Each structure stands twice: as structure tokens, then as C-alpha cells.
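Presented below is the structure to which this report refers.
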Amino acid sequence: MLRIRKAPMGVGAIFILLFPWVAERLPAIEHYPDLMVFAGIYCLMTIGMSLLMGYAGQISLGHAAFYGIGAYASGILTTQYNLNPWLCILIGSAAATAVAVVVGAPSLRLRGHYLAMATLAFGIIINIVFREEAEWTGGPDGMGGIPGLDIFGYSFDSIHKYYYLVWIVVAIAFFFTIRLIQSPTGRALRAIHASEAAASAMGIDISRSKIVVFAFSAILASVAGSLYAHYMNFINPSTFDTLFSIKLVIMIALGGMHTIWGAVVGSVLFAFLSFEWLHQFGEYEIVVYGLVLMMVTIYLPEGLVGLPGRIAQRVRR
Amino acid sequence: MASEPHRSHLLEIEDLVMAFGGLTALMNIQLRVAKGTIRAIIGPNGAGKTTLFNLITGVLSPTEGTIRFNGHVISGQKPHKIAALGISRTFQTVELFDNMTVIENVMVGRHLHISTSFFKCGLGLPAIRSQETAIEAHAMALLDFVGLADKANSMADSLPLGERKILEIGRALATDPLLVCLDEPAAGLNETETETAARLIKAIKDKGITVLLVEHDMKVIMNISDQITVLNYGEKIAEGTPEEIRGNPKVIQAYLGDSIAVV
Ligand SMILES: Nc1ncnc2c1ncn2[C@@H]1O[C@H](COP(=O)(O)OP(=O)(O)OP(=O)(O)O)[C@@H](O)[C@H]1O
Ligand SMILES: [Mg+2]
């Protein structure tokens with residue numbers, strides 16, 4: 001049976017809960033909660049994508065587009081139409097779902113990596129739209145003045161408050177996905193991964209299952225985009241380009257694509273790598289990512305979450 | 001033809017043609033299978049037996065002709081739709097879910113009979129959990145029926161070939177099929193395992209399930225089938241009871257080059 005161990009979840013929850021409190025007291029890492037907001041936003045996206053990669057066996061190279069759809073839906077609808085930000089998050093998700101079905105359905109009906117190709121092209125096109133439709137999106141200069149989030153008069157107006165908001169959303173997505181994997185739906189997805197021929201002979205609608213997972217991952221990305229927009233209060237197209245889609249794949253490979261934990265570990269690590277440790281490489285940063293990705297694929301095919309198991313194996317021998 | 005036209009036919013195949021480019025794997029096949037019987041499909045390697053199964057289960061769409069099952073035209077439909085109408089199968093090259101345990105493999109077979117709503121599943125609603133308990137019990141009963149209950153929690157890929165083939169049959173039964181298509185269930189099995197498989201197939205028939213059986217083991221074929229259809233190079237060359245087929249000169253001729261003795 002597929003068992004999900006409880007202990008790491010407890011440790012993770014306590015860590016997330018206490019982290020801002022600890023960071024506040026250590027000047028060297030005082031700014032880490034800010035990084036963790038981004039880590040959480042990335043996490044939302046990679047949780048959905050790792051379900052898509054690890055269970056449906058499909059790669060998306062255009063998830064930055066769904067991230068952008070959420071961000072621009074929130075940005076445009078709040079600043080130009082004065083809609084409630086929470087409503088905008090819902091509208092963005094609905095738009096992302098519709099787009100995911102339209103883009104995903106034709107390519108997921110076919111076997112093979114058509115989805116990777118379709119999403120790659122789609123991501124490029126959407127980014128061009130963000131750049132060119134300046135009247136709505138502000139063009140390459142981006143758009144500002146996006147309001148923050150509040151609920152019943154309580155405003156998420158500090159880094160720490162926003163940190164908890166983002167990580168609560170991550171926790172919801174995480175537990176939903178864990179439950180899903182343990183459920184009949186998850187079993188069907190694992191069946192598809194093992195043998196499409198046998199899965200369809202058992203009555204599983206393969207293309208529908210894959211489309212649903214893809215749409216789910218698009219919704220998570222869109223919510224992440226909205227959270228990003230309301231946190232930064234400013235967005236511009238370069239945040240949502242193809243390079244970022246590829247970075248998302250790197251995060252998953254880094255953490256390990258066969259468990260949801262891989263997505264979490266990979267996203268957090270990546271946020272620290274890119275904002276804290278690797279930015280001195282400047283334009284060579286991407287080369288470093290390439291190297292890291294190569295090393296991980298060769299030496300740690302299960303990603304970092306596979307590392308403890310490997311070490312344990314070594315020690316026992 | 002030898003099959004009785006007045007009995008109710010579960011499966012009716014008319015003028016079926018399957019061409020792969022220049023190769024015609026099946027030529028103008030007519031086939032009627034009566035409810036509750038075991039129908040064997042035999043023939044030398046490359047005769048088109050697996051191709052016929054792939055057409056019946058929707059893996060392939062026929063070049064020409066129609067397949068009717070229980071009142072529905074199923075030719076050209078998707079495999080999962082056909083499964084929902086009541087056809088299940090095993091594969092010549094065993095296709096288990098090797099990333100799962102034995103019982104989970106069978107539980108996947110209950111997919112058609114349970115709620116798999118994405119949101120209910122993600123929210124972990126109690127209805128989904130009690131449903132899990134129910135299908136686990138159902139799967140366990142099926143494992144008991146096929147004789148694999150003691151292996152329920154082993155990983156599927158840890159089983160020896162004989163048990164893998166039996167598990168595949170158990171999984172096929174989990175969909176509650178009206179018709180099961182078994183593609184060489186005894187291939188690669190030793191004598192005892194083959195006997196077990198043959199007994200199981202008879203027990204499936206006793207449950208009222210119709211069986212289509214592709215098999216090279218003539219002893220099994222002659223012992224358990226009600227009717228036999230013989231294919232050779234994509235053509236049906238004979239049909240009848242085991243006694244009729246045993247003495248058919250065309251069949252003996254077809255098999256001579258294959259050095260398989262008709263018992
Ligand atoms: N998908 C396909 N594409 C092209 N040719 C195919 C395909 N499937 C089967 N064939 C060809 O059709 C013919 C019949 O193959 P089939 O697998 O149905 O034979 P079979 O009777 O099951 O043989 P065996 O006893 O060896 O399993 C063979 O010549 C085979 O090469
Ligand atoms: Mg065959």
C-alpha cells in the first residue's frame with residue numbers, strides 16, 4: 001500500500017510555524033521569511049507539476065504561463081475593474097482551467113511528449129501577449145498599484161503575515177494532493193503510469209485523467225501567480241517567461257519527482273539558491289542550474305529526498 | 001457454421017478486416033459467441049489472434065466490419081468505454097501494475113464501479129474512505145477465488161510468472177465483466193500451473209461469464225472449450241466443437257509446419 005509517513009509532515013509543519021520567530025531573532029537570516037514567501041509560491045506550482053510529472057508521466061514546459069494568467073488576472077481585474085482580490089483569484093483559476101483544457105486536451109489525447117511541446121509553444125505565446133497588450137498589462141514595463149490582500153478587515157500587510165497566508169495555502173494544496181494520491185483517483189493515475197494498456201482495459205479514461213491533473217496543476221499555478229501579484233504589488237512579463245517554466249522543472253528534479261515532498265524540498269532549496277547563494281554568478285546563473293540539474297540526474301536520480309535512503313543503504317553495507 | 005444460430009449471442013463479429021499497411025492481419029472474419037460458453041481461438045503464430053482481441057477491446061479500430069456486443073456496436077470505440085460495457089481482458093505479455101501490491105492491482109479493476117471524483121478524493125471525504133474498505137473486501141474475495149489471497153500485500157512484480165498470469169485474470173474479473181478475453185493464460189507455465197489456470201477458467205465459466213480464450217496448449221484447449229475457432233494467416237479456416245476440430249484435415253495441415261501436435 002501507498003503509505004505516507006506522518007513524522008516528516010509534523011517536522012515540516014513545526015519548522016514552517018516557528019521559522020519567522022527564529023529568523024526575527026537572528027540578524028543574519030532576518031530576511032529569510034521573505035525568501036520563504038517566494039519558496040511557498042513556487043511550492044504551490046511544483047506540487048501540481050510533480051503530480052503531473054510523477055504520476056501522469058507528463059511534463060509541462062509552460063507553467064509560467066498559468067502563473068502569469070493568475071498574476072495578470074489579479075493585477076488587471078483589481079486595478080482596472082476594482083474587483084475584490086479574492087474574486088480575482090477565482091476568476092484567474094477559472095481562466096487557467098479553461099486554457100489548460102484547450103491546450104492540454106489535444107496533446108494529452110496523444111501518447112508521448114506532445115504536452116511538453118504544446119506547453120512550450122503556449123508559454124512563449126502567452127508571454128508575448130503579456131508584453132504586447134500594453135493597454136491592459138502595461139507591456140514590458142509591467143503594471144503596479146496591485147492591492148494587497150485582506151480578509152474581514154485583517155490585512156496581510158507584513159512579510160510575516162503574508163508568509164503564513166502563503167504557507168497555509170501550500171498546506172491545503174499539499175494535503176489535498178496527498179489525499180488524492182492515496183485515493184482511487186491516485187491509484188488510477190499510478191495505474192496509467194505503470195501500463196496505459198491495462199489501465200484503459202480496466203475502464204480508466206486515460207486522456208480525461210491526464211487532462212484533469214493538468215488542469216489542477218494549472219489552477220495551483222494560477223493561484224500562485226495571484227499570491228505573487230498581491231505580494232509584490234507589481235508584475236512584469238519577464239517573471240513569467242519560459243526560463244521560469246524550466247526553472248520549475250529544475251526545482252522538481254532537484255527535490256525528486258516521485259514524491260510530493262520532492263516538490264516542497266526542491267522549491268525551498270531553489271528559492272534560496274536563486275535569491276541568496278547563486279545570484280553572484282549573474283548571467284551565468286543559468287549555467288550553474290544546468291550543472292546542478294546534470295549532477296542531480298546523474299548522481300541522485302530520485303532527487304534530494306532520495307538522499308537519506310541512499311545514505312542509509314551505504315551505511316548498512 | 002457450426003455454432004448454433006438460435007442461442008443468444010453475446011458477441012457478434014461481421015466481415016471484420018484488419019490491415020496494417022500492406023499486411024492483412026485479419027480477413028473477413030465472422031464470429032458469434034454464445035453467452036456463458038468458453039470459445040477458444042487457436043492458430044499458429046501470427047495468425048491474428050491477438051489482433052482480434054485488440055479489435056474487440058478497442059485497442060485497434062477495424063479497417064472494415066462491425067463488432068457487436070450485448071446489443072451495442074463496439075467496433076471503433078475507446079477501450080475504457082468497451083470495458084464499461086462489460087468486456088475485460090488479459091495480455092499476452094503480462095501487463096500488471098508493477099508499482100502496486102497484488103490487492104491494489106485488483107482494486108484498480110473496481111474503477112468502473114466506484115466514485116472517483118477528483119474533489120471528493122482530494123478532500124478525503126468519509127464516503128471515499130468507506131468505499132475503499134468495501135472495494136478492498138471485494139478485491140480480497142476475488143484474490144481468494146483465484147487463489148492468491150496469501151499474496152495480497154506482496155508487490156505485483158515480486159510474483160513468479162505463473163502467479164502474475166493468475167493475478168491478471170483476477171484483475172480482469174474485478175470489472176464484473178460479461179466477457180473476458182484471455183490471451184495465452186498458460187504460456188510459460190509448468191504443468192501444475194497450467195492445470196491451475198485451466199481449473200480457474202472453468203470456474204469463471206461456472207460464474208456465468210463468457211470466455212474468449214487464445215491458447216497454444218492443446219490439452220487445455222481440448223479439455224475446457226465448448227467451441228473452437230481456428231485462424232490461419234488472418235483467415236478463419238475452421239470452427240466447431242473440440243471433437244470436430246481434432247479431426248479436421250485443414251487444421252492439422254495448418255499446424256504441421258508449426259510442429260504443434262493436435263492432441
Ligand atoms: N500493431 C501492429 N502493426 C503492424 N502489424 C501488426 C500489428 N499487430 C500485429 N501485427 C501483425 O499482424 C499479424 C498477426 O499478429 P498477432 O499478434 O495478432 O498474431 P497472434 O495470432 O497473436 O500470434 P502469436 O501466437 O505469436 O501471439 C502478425 O503478422 C503481426 O506482425
Ligand atoms: Mg498473440
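Everything quoted here is computed from the prediction, not taken from an experiment. Naming: A, B, ... by sequence-line order, numbering from 1 per chain.
The one candidate from A:V166, A:V170, A:I172, A:I219 that meets the side-chain contact (heavy atoms from CB on, under 4.5 Å) condition with A:L44 is A:V170. A side-chain contact (heavy atoms from CB on, under 4.5 Å) with B:L31 holds for exactly one of B:L16, B:L231, B:L52; it is B:L52. Between B:L96 and the choices B:N105, B:T90, B:V102, the side-chain contact (heavy atoms from CB on, under 4.5 Å) rule is met once, by B:N105.
Checking B:T229 against B:R39 by side-chain atom types alone, a donor-acceptor pair falls below 3.5 Å. A donor-acceptor contact closer than 3.5 angstrom links the side chains of B:N54 and B:R89. Between the side chains of B:E184 and B:H216, at least one donor-acceptor pair of N or O atoms lies under 3.5 Å. For the 3.5 Å distance criterion, the side chains of B:E104 and B:T101 qualify, holding a donor opposite an acceptor. A:H63 and A:S217 share a side-chain donor-acceptor pair at under 3.5 Å.
No cation-pi contact links B:K165 to B:F91, judged by a cut-off of 6.0 Å to the six-membered ring centre and 45° from its axis.
Looking at B:F118, both its backbone and its side chain come within 4.5 Å of chain A, counting heavy atoms on both sides. Using a 4.5 Å cut-off between heavy atoms, B:R171 contacts chain A through both its backbone and its side chain. Of the two parts of B:V59, neither the backbone nor the side chain holds a non-hydrogen atom closer than 4.5 Å to a non-hydrogen atom of chain A. Interface remark: B:T175 contributes side-chain atoms only to the contact with chain A (heavy atom separation under 4.5 Å). With a 4.5 angstrom heavy-atom cutoff, B:D98 touches chain A only via backbone atoms. Only the side chain of B:Q131 comes within contact range of chain A, judged by heavy atoms closer than 4.5 Å. Looking at B:I114, only its side chain comes within 4.5 Å of chain A, counting heavy atoms on both sides.
The candidate from B:T116, B:I135, B:V108, B:I128 with the greatest count of non-hydrogen atom pairs under 4.5 Å with chain A is B:V108. Heavy-atom pairs under 4.5 Å with chain B were tallied for A:G186, A:A198, A:A188, A:A197; the largest tally goes to A:A198.
Interface with chain A: from residues 73-83 of chain B, residues B:K78, B:P79, B:H80, B:A83 qualify, criterion being any non-hydrogen pair under 4.5 Å.
Residue B:R164 holds its CZ atom at 12.5 Å from CG of B:L189, rounded to the nearest 0.5 Å.
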